[in-house]
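Because the structure is a prediction, the values reported are computed rather than measured. Residue numbers start from 1 in every chain, and the chains themselves are labelled A, B, ... in the order their sequence lines are given, proteins ahead of strands.
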Amino acid sequence: MLDKSFNPAAIEQGWYERWEAAGYFRHKGDSRPAYCIQLPPPNVTGTLHMGHAFQQTLMDALIRYHRMRGVNTNWVVGSDHAGIATQIVVERQLELEGRTRHDLGREKFVERVWKWKHESGSTITRQMRRLGASANWEYADTEGRKGGYFTMDAKMSRAVAEVFVRLYEEGLIYRGKRLVNWDPVLGTAVSDLEVDSEETTGTMWRIVYPFVDGPQDSTGKDGRAVKLRGMTIATTRPETMLADGAVAVHPDDARYKHLIGKQVILPLCDRTIPVVADTMVDPEFGTGSVKITGAHDFNDYGAAVRHKLPMIVIFTLDAKINENGPKQFQGMDRYAARKAVVAQLERENFLVGADPHKMMVPKSGRTGVVVEPMLTDQWFVRMEGMAKDGLDVVKRGEVKFIPEHWTATYNHWLENIQDWCISRQLWWGHQIPAWYDDEGRIYVARSEEEAKKKAGGRPLKRDPDVLDTWFSSQLVPFSSLGWPGETQDLETFLPSDVLVTGNDIIFFWVARMIMAARHFTGKVPFREVYINAIVRDAEGEKMSKSKGNTLDPLDLIDGISPEALLKKSTAGLMKDDHRERIEKYVKSHYPNGIPAFGADAVRFTFASLATFSITLNFDLNRCEGYRNFCNKLWNATRFVLMNTEGRDCGVEGETRDAQPVKLSFVDRWIASRLQRVEAAAAQGFAEYRFDNVAAAIYSFVWDEYCDWYVELAKLQLQSADAAVQRGTRRTLVRVLETSLRLLHPITPFITEELWQKVAPLAGKKGATIMLQPYPRSQPEKIDEAAERDMALLQEWTAAARNLRSEAKIPPGEKLLLYATAAPAVAEVDAALSALQSLARLEGVKRVKELPDSTAPVAVVGDARIMLYKEVDPALEAERISKEIARVDGEIAKVKAQLANPSFVERAPAQVVEQARARLAASEQNLQKLQDQLQKLRGRK
RNA sequence: GGGUGCUUAGCUCAGCGGUAGAGCACUUCCUUCACACGGAAGGGGCCACAGGUUCGAUCCCUGUAGCACCCACCA
């Protein structure tokens with residue numbers, strides 16, 4: 001006997017371990033069609049957040065669905081070494097010990113990161129298991145830790161080196177001194193994508209650079225003649241003037257045209273620079289003349305190259321003024337230098353203006369520090385050719401984005417792609433497989449031995465830099481399957497079927513995977529990319545730690561007390577000033593903490609909210625509603641078990657043959673509805689409309705099976721006919737058993753728990769629901785007649801109940817229902833006794849005319865029905881008048897439509913017919929209501 | 001400066017050329033032997049705004065406004 005209500009913690013315990021131990025998650029090396037999903041590998045350092053939980057719910061639902069459909073599924077999972085993120089975490093730990101990574105040295109530091117990875121790297125995999133992810137943990141796992149692959153594993157690293165060497169040999173990787181985005185705190189280059197612009201109000205300073213040969217004639221904006229002391233430039237970063245190579249003006253700018261080629265004095269510095277002409281200058285902006293700082297500005301870099309200007313570097317790698325700057329500024333941080341430069345300019349009368357200015361400041365995505373364009377030696381991947389191919393495969397439809405509009409985002413980026421800076425000046429990551437000899441010659445090789453061989457024995461030094469983390473992540477779709485080896489897995493599981501991921505990594509990861517897989521395997525990495533919504537809080541706000549509106553999926557599953565939640569929300573805060581705000585938020589939003597909804601309810605919520613919308617506002621109230629749904633399912637099962645266990649369910653058993661069964665229109669109806677929900681589920685999965693899958697099953701189970709079928713089954717179980725009882729029991733268990741299988745991909749735990757008990761009664765054998773066939777719709781079982789009859793019964797029931805309610809008849813009081821006609825169904829007797837039971841009637845009495853009474857009357861189809869209970873005629877008259885008004889409105893609307901000749905002529909015949917039928921029915925209804933009203937009035 | 005998406009019931013969201021839907025919340029009644037994490041009956045919406053196309057628009061088109069996100073080297 002099941003407990004009275006479902007307790008997620010109790011049932012969710014144990015199943016996962018049993019499934020995993022039994023090896024149900026592994027792929028099978030057989031010839032069945034394959035279905036493969038690659039998990040976007042989470043950072044080893046990370047913990048599961050709502051985005052992960054959402055994404056993984058969808059992936060697991062797809063995997064479970066396909067597994068049940070008999071496909072050879074392989075959910076490839078793993079984790080990412082996450083170069084910068086991980087290094088920062090371990091460096092913070094060292095900081096607490098008062099040390100830096102340099103105190104340890106590279107080798108010891110990397111050792112320490114590995115140690116930390118082993119200790120805490122399993123957090124997220126544990127959380128995924130709690131969520132029920134039926135992932136293939138053992139697959140591609142080189143460490144034997146059942147956590148999937150790790151991007152720094154020997155196996156995965158081998159593919160990284162191979163790719164680097166091949167790209168280098170093909171001339172697609174090159175090394176060069178280029179201007180790159182530099183994070184002065186981390187001391188490394190970062191890619192364009194890792195830089196986020198942030199609007200800031202800064203200052204636009206105007207500075208005059210005097211002409212070497214004295215003031216010059218020119219014209220002002222208004223055309224009047226003026227004398228120019230020098231070129232006035234505008235800048236937001238005055239400290240970079242120390243590295244200026246020229247002043248540029250537009251070649252057609254009448255004010256400055258004649259001054260091109262003149263020399264100006266660079267203030268504060270002991271040198272002069274030329275005035276050059278360049279079309280990049282916008283004469284309308286600022287003063288129309290621009291300082292050119294080739295080594296410290298991306299825009300100016302191009303101009304400096306065009307005009308062959310010297311590239312002067314004035315910053316050290318930690319953004320302090322170096323020896324190339326004037327003595328008084330040397331060693332100053334860039335912002336201190338800015339102040340000092342401005343002060344001296346002002347003192348020496350070079351500063352002619354300073355205005356507030358809104359601008360976009362580039363900041364490092366990791367540290368939030370303003371990046372400095374820095375001229376350094378870096379490795380790059382040439383993107384042009386691969387990008388073109390990446391565009392082509394999407395254009396040809398070999399890779400499809402869902403929703404489709406993301407294709408535009410993808411295309412736009414690839415059409416404007418820049419070469420990719422892949423070297424990072426970090427210690428944690430794949431070290432670049434390049435060696436240098438004493439003369440600076442480069443040897444790129446798969447291993448040190450190979451490099452030595454190539455160098456002919458010259459002493460070699462390895463490049464200290466590591467690769468951008470995405471360089472290895474992009475290979476995952478094939479490196480996880482054994483590439484560069486030629487494996488059966490590659491043959492079977494590449495391309496994978498769908499990638500489920502967030503739109504934030506379309507550039508970082510999705511595009512690069514497509515390009516890399518195409519380049520190295522000739523195949524696309526996946527056929528479809530489902531871009532899932534971004535999870536926000538219920539008010540649509542971005543979840544962030546500093547707002548306190550983050551939710552931990554595990555807290556939703558297991559519940560959390562208000563005290564623990566408060567403590568957790570404010571733990572490890574960087575800034576103390578957030579504390580008060582967070583406490584306020586948490587206290588007001590979760591005064592009672594969070595109840596334990598269970599993994600199934602959380603998963604169901606995610607599925608229900610998985611529309612094609614760009615954001616998903618996670619609403620705890622909906623989560624609660626779906627927890628209630630789980631309870632409903634639990635109790636429906638409880639009812640079914642109570643009525644079927646140990647009884648004859650009309651199912652063939654091992655020791656007996658099935659006895660004859662009789663099926664009523666109600667039995668046939670629910671079986672018919674089942675076919676429709678099965679079709680809806682299949683369609684939903686095919687379209688990635690998980691919300692539709694969830695909604696279809698929800699309403700079937702609750703609104704149809706529980707509300708109607710179970711209620712009517714109670715009646716049928718009291719039948720004197722054993723065959724009717726058998727038929728009812730058989731339908732009860734079979735429909736329930738099928739519903740459990742339908743639901744399993746979304747709510748794996750509760751369905752497994754219940755299936756174990758229900759399946760034997762339905763004549764099903766099997767160790768687990770996981771491997772049972774997913775229900776498929778059988779259109780031949782759709783019974784239109786039964787559905788029509790049931791719809792009528794429901795209509796009659798609703799009308800009768802409404803009469804009860806309107807007349808305020810207490811639930812205990814049973815009355816006769818007078819009806820001028822019987823429901824137009826095939827099994828009238830069965831329908832009438834059903835009606836009697838559902839509407840709690842004493843009976844149904846057929847009459848020619850309704851009794852002369854003030855009792856409320858309703859119109860159902862051809863019949864008028866009445867519960868014989870005298871009520872205040874005035875109230876009843878009012879009720880009927882309201883109803884008449886409603887029907888009147890209806891009639892007016894349809895009449896107007898039909899009176900329009902062009903509607904009747906041009907609308908499809910079917911639509912016109914429908915309107916006419918509606919009009920006829922409404923008019924009939926109106927007539928009966930008016931009769932009734934008149935009668936009521938006559939009584940007064 | 002470009003681009004994308006959104007605007008439907010109090011809240012979170014479906015829908016989509018032909019009588020406006022769900023969950024939660026709300027009102028009234030009910031502890032009836034699966035379930036009060038429940039049952040029954042209700043209330044609630046000029047489908048952002050303005051034009052256009054159409055017999056007919058919440059839905060298609062064009063604008064406007066608001067919100068969100070992405071891209072972009074304007075000093």
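Relative ring orientation between Y698(A) and Y626(A) is described as perpendicular, the plane-to-plane angle rising above 60° on a 0-90° scale split at 30° and 60°. Taking the six-membered ring for Trp and thresholds of 30 and 60 degrees, Y530(A) and F690(A) have ring planes more than 60 degrees apart, a perpendicular arrangement.
For R918(A), a side-chain nitrogen or oxygen approaches OP1 or OP2 of U19(B) to under 4.0 Å. OP1 or OP2 of A34(B) lies within a sub-4.0 Å distance of a side-chain N or O belonging to K714(A). When the side-chain nitrogen and oxygen atoms of K632(A) are compared with OP1 and OP2 of G39(B), one or more of them lie within a distance under 4.0 Å. Dashed line: the shortest gap from a side-chain N or O of N617(A) to OP1 or OP2 of C11(B) is not under 4.0 Å. Contact between the side-chain N/O atoms of S805(A) and the OP1/OP2 oxygens of C29(B) is not found at any separation under 4.0 Å.
In the model, D691(A) has no side-chain atom that pairs as donor or acceptor with a side-chain atom of S608(A) under 3.5 Å. Side-chain N/O atoms of Q794(A) and T797(A) include no donor and acceptor closer than 3.5 Å.
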- Start with the C-alpha distance between K291(A) and D300(A), add both sets of side-chain angles, then the distance that settles salt bridge (charged side-chain N to carboxylate O under 4.0 Å, His left out), and finish with yes or no. CA-CA 8 Å; K291(A) 65 200 257 328; D300(A) 294 1; 5.4 Å; no
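Atom pair I506(A):CD1 and C69(B):P shows a separation of 16 Å (rounding to whole Å applied). Between the CH2 atom of W406(A) and the C1' atom of C6(B) there is a distance of 12 Å, given to the nearest Å. Between the CZ atom of F612(A) and the P atom of G5(B) there is a distance of 14 Å, given to the nearest Å. Nucleotide C37(B) holds its P atom 8 Å from the CG atom of N628(A), rounded to whole Å.
For residues 597-605 of chain A, proximity to RNA chain B is found at no residue, defined as any non-hydrogen atom under 4.0 angstrom from a strand atom. Remark: N900(A), S902(A), F903(A), R906(A), A907(A), P908(A), V911(A) in residues 900-914 of chain A come within less than 4.0 Å of RNA chain B through at least one heavy atom. The stretch residues 697-710 of chain A comes close to RNA chain B through Y698(A), W702(A), C706(A), D707(A), V710(A), each having a heavy atom under 4.0 Å from the strand.
For R627(A) against C37(B), a side-chain N or O and a base N or O form a donor-acceptor pair under 3.5 Å. Counting distance only, with no hydrogens placed and no angle test, the side-chain atoms of E711(A) and the base atoms of A34(B) include a donor-acceptor pair under 3.5 Å.
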- Task: Treat primed atoms plus P, OP1 and OP2 as sugar-phosphate and everything else as base, then score nucleotides 70-75 of chain B 5' to 3': B for base contact with protein heavy atoms under 4.0 Å, S for sugar-phosphate contact only, - for none.
- Result: -SBBBB
- Message: Please convert RNA chain B into dot-bracket. A pair counts if it is Watson-Crick or G-U wobble with both distances under 3.5 Å; crossing pairs go in [ ] and bases paired with another strand get |.
- Response: (((((((..((((....[..)))).(((((.......))))).....(((((..]....))))))))))))....
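Separation of the P atoms belonging to C61(B) and G5(B) is 11 Å when rounded to the nearest angstrom.
For the salt bridge (Lys or Arg N to Asp or Glu O under 4.0 Å) test, no residue two or more places apart in sequence or in another chain qualifies with K632(A).
Checked against the 6.0 Å centroid criterion, the rings of Y209(A) and F350(A) do not qualify as a close aromatic pair.
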